[in-house]
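Labels below follow one simple rule: chain letters A, B, ... track the order of the sequence lines, proteins then strands, and each chain is numbered from 1.
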Protein chains: 2
Amino acid sequence: MKMNNKFRSSCPIASTLDIVGDKWSLLIIRDMIIKHKRTFKEISDSDEKIAPSILSARLKLLESYKLITKRKLPENKKENIYLLTKKGIGLAPIIIEFTLWGNNNLREFNDIDLIDGLESDKSMIIDIVQNNYSSMLIQFG
Amino acid sequence: MKMNNKFRSSCPIASTLDIVGDKWSLLIIRDMIIKHKRTFKEISDSDEKIAPSILSARLKLLESYKLITKRKLPENKKENIYLLTKKGIGLAPIIIEFTLWGNNNLREFNDIDLIDGLESDKSMIIDIVQNNYSSMLIQFG
DNA sequence: ATTATTACTATCGTTTCGATAGTAATAATT
DNA sequence: AATTATTACTATCGAAACGATAGTAATAAT
């Protein structure tokens with residue numbers, strides 16, 4: 001995996017964009033953190049139809065920056081299980097803010113899904129998402 | 001300006017990414033909302049060295065989705081003044097979350113600038129950023 | 001009148017994307 | 001046990017986007 005400094009600057013925003021600032025990474029994180037998707041196959045099956053070559057490349061990159069881990073379970077040697085790390089779970093606020101902004105600002109340009117619970121307190125939504133994911137994680141070591 | 005539905009799905013996250021999910025848009029917004037940059041020249045002069053062709057294309061796109069407006073002042077017919085709209089100012093929470101995440105999670109991969117005030121309450125930081133920008137806006141109609 | 005600045009556009013080689021097909025390993029089915 | 005299906009990829013290759021540089025037209029400054 002090429003890890004040759006591809007950071008454009010020392011700005012934290014720019015650096016974050018250098019890792020997840022593409023059209024797919026945050027959608028992969030969305031599926032993992034909200035829908036609890038864990039395998040290549042599950043992540044492939046989204047409305048947005050990500051190409052396998054892109055998904056493969058993105059998972060490798062996210063793994064290299066320690067946002068996700070990859071493992072196999074003893075009972076299944078075929079499937080890889082991808083799980084979010086703490087760093088990855090820490091992206092929940094960003095995911096939630098994207099949801100809120102799209103929900104409030106793009107309805108004139110696109111039919112946006114209605115999502116339940118968005119009127120609740122922001123930090124509560126974030127807590128719930130993160131806690132649910134962390135609870136799910138317990139079943140894995 | 002081509003406005004042919006380039007939305008991949010009706011998911012608010014995906015739709016937001018379809019507009020600002022590239023390596024440059026949020027950096028342009030950052031410079032506008034935090035550093036109060038207003039002209040093509042000012043925005044060009046960032047650490048990340050955006051190419052003029054890209055900046056030009058991005059400004060047009062952001063304008064087409066009503067995140068920014070473009071105008072000239074009577075006293076200067078050369079400069080274009082770019083200002084954030086309400087929709088654009090609404091991106092402040094996303095910008096702040098990117099800052100916080102990068103600040104907390106990327107120090108092992110890149111030298112990240114130390115930023116003052118990040119230990120304050122999130123919603124307060126966002127309020128300050130948005131209020132400062134809105135105050136600055138008053139001098140324009 | 002000349003020079004500088006601003007906001008671009010044009011060009012063009014490089015990189016990335018993205019659709020599709022193919023493959024190797026494992027698991028399920030008959 | 002043999003065949004079929006599934007999973008997680010890799011390979012290919014044309015299309016789109018990026019990015020560095022140069023150029024230009026309008027305005028402003030000297």
Atom-to-atom span, [atom1] of [X] to [atom2] of [N] - whole angstrom:
| X | N | atom1 | atom2 | value |
| --- | --- | --- | --- | --- |
| A:E63 | D:dA8 | CD | P | 14 Å |
| A:I28 | D:dC9 | CD1 | C1' | 14 Å |
| A:D18 | C:dT16 | CG | P | 12 Å |
| A:K72 | D:dT7 | NZ | P | 13 Å |
| A:K70 | D:dT7 | NZ | C1' | 12 Å |
| A:L17 | D:dC18 | CG | P | 13 Å |
| A:L61 | C:dC17 | CG | C1' | 15 Å |
| B:I68 | C:dA7 | CD1 | P | 13 Å |

Please name all residues satisfying side chain to side chain contact (heavy atoms under 4.5 Å, CB included) with [X], sequence neighbours left out, ordered by chain then number.
| X | value |
| --- | --- |
| B:E119 | none |
| A:N76 | A:K78, A:E79 |
| A:S44 | A:F40, A:L55 |
| B:T85 | B:T69, B:K87 |

Under the rule of Watson-Crick or G-U wobble with both distances under 3.5 Å, where | means paired to another strand and [ ] a crossing pair, DNA chain D maps to ||||||||||||||||||||||||||||||
Hey, can you pull the residues of residues 40-47 of chain B with a non-hydrogen atom under 4.0 angstrom from DNA chain D?
->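 The answer is none.
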For A:K66, all residues meeting salt bridge (charged side-chain N to carboxylate O under 4.0 Å, His left out), sequence neighbours excluded |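 With neighbours one apart ignored, the set is B:E108.
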Between B:F98 and A:F98, how do the two ring planes meet: parallel, tilted or perpendicular, split at 30° and 60°?
->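 Plane angle between 30° and 60°, so tilted.
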Any residue meeting side chain to side chain donor-acceptor pair (under 3.5 Å) with B:R71, in chain and number order, not counting sequence neighbours |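 With neighbours one apart ignored, the set is empty.
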Residues in side chain to side chain donor-acceptor pair (under 3.5 Å) contact with A:K122, at least two apart in sequence or another chain =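 Only A:E97 meet the side chain to side chain donor-acceptor pair (under 3.5 Å) criterion with A:K122.
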Polar contact flag, side-chain donor to acceptor under 3.5 angstrom, A:S10-B:D113 =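 Judged by distance alone, the side chains do pair up.
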Position toward the 5' end of DNA chain C (nearest nucleotide), B:L59 or A:R58 =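 On the 5' side of the pair lies B:L59.
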Pairs satisfying side chain to side chain donor-acceptor pair (under 3.5 Å), at least one member in residues 14-30 of chain A, at least two apart |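 Side chain to side chain donor-acceptor pair (under 3.5 Å) check on residues 14-30 of chain A returns A:R8-A:D18, A:S15-B:N110, A:D22-A:S25, A:D22-A:R58, A:S25-A:R58, A:R30-A:E48.
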Does A:S56 place a side-chain N or O at less than 4.0 Å from the phosphate oxygens OP1/OP2 of D:dC9?
->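 Negative; the distance criterion is not met.
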Mind jotting down which residue pairs meet the ring pair (Phe, Tyr, Trp, His ring centres under 6.0 Å) criterion with at least one end in residues 110-141 of chain A? Sequence neighbours excluded, please.
->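 Passing the test, one end in residues 110-141 of chain A: A:H36-A:Y133.
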Protein-proximity profile, nucleotides 18-30 of chain C, B/S/- by nucleotide at the 4.0 Å heavy-atom cutoff, equals BBBB----BS---
